Amino acid sequence: MSMMLSGANAWAGAARGVMLGQAKRHQTAAMRQGTKQVIDPWAAALTNAAPKKRVRKKRT
């Protein structure tokens with residue numbers, strides 16, 4: 001029984017590590033996106049950057 005619990009504990013530890021790593025990647029991506037949404041309008045206003053023009057697709 002001890003070997004079974006030891007194996008289950010090792011598997012649970014590995015699964016926990018994978019889940020924590022994925023959660024940290026998602027958190028980092030969300031923070032990066034939020035920061036970009038806050039900073040980009042200010043950077044554009046301060047540098048007098050023109051808004052990007054949309055490219056229209058031609059009909060054939």
Side-chain angles (χ1 to χ4, degrees):
M1 177 140 165
S2 177
M3 288 181 67
M4 183 178 73
L5 290 175
S6 179
N9 190 29
W11 182 84
R16 179 178 176 263
V18 169
M19 290 188 316
L20 287 176
Q22 189 68 18
K24 186 170 183 173
R25 284 188 288 277
H26 281 285
Q27 181 182 12
T28 302
M31 288 296 293
R32 186 173 290 142
Q33 183 181 10
T35 302
K36 183 173 172 36
Q37 288 178 351
V38 170
I39 298 296
D40 280 352
W42 285 100
L46 293 174
T47 59
N48 294 328
K52 294 181 180 177
K53 294 182 180 179
R54 291 185 183 181
V55 177
R56 294 186 71 182
K57 294 182 180 180
K58 295 180 182 179
R59 292 185 189 184
T60 57

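Please read all numbers here as calculations on a predicted model, not as lab measurements.
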Non-neighbouring partners of Arg56 that pass side-chain hydrogen bond (donor to acceptor under 3.5 Å, both in side chains), sequence neighbours left out:
none

Salt bridge (Lys or Arg N to Asp or Glu O under 4.0 Å) contacts in which one or both residues fall within residues 12-28, not counting sequence neighbours
none

Suppose the criterion is salt bridge (Lys or Arg N to Asp or Glu O under 4.0 Å): which pairs have a residue in residues 28-48, not counting sequence neighbours?
Lys36-Asp40

Tell me if a side-chain donor or acceptor on Ser6 pairs with a main-chain N or O of Ser2 at a distance below 3.5 Å.
no

Gln27 atom CD: more than 12 heavy-atom contacts under 6.0 Å:
no

Val18: hydrophobic cluster co-members (side-chain, 4.5 Å)
none

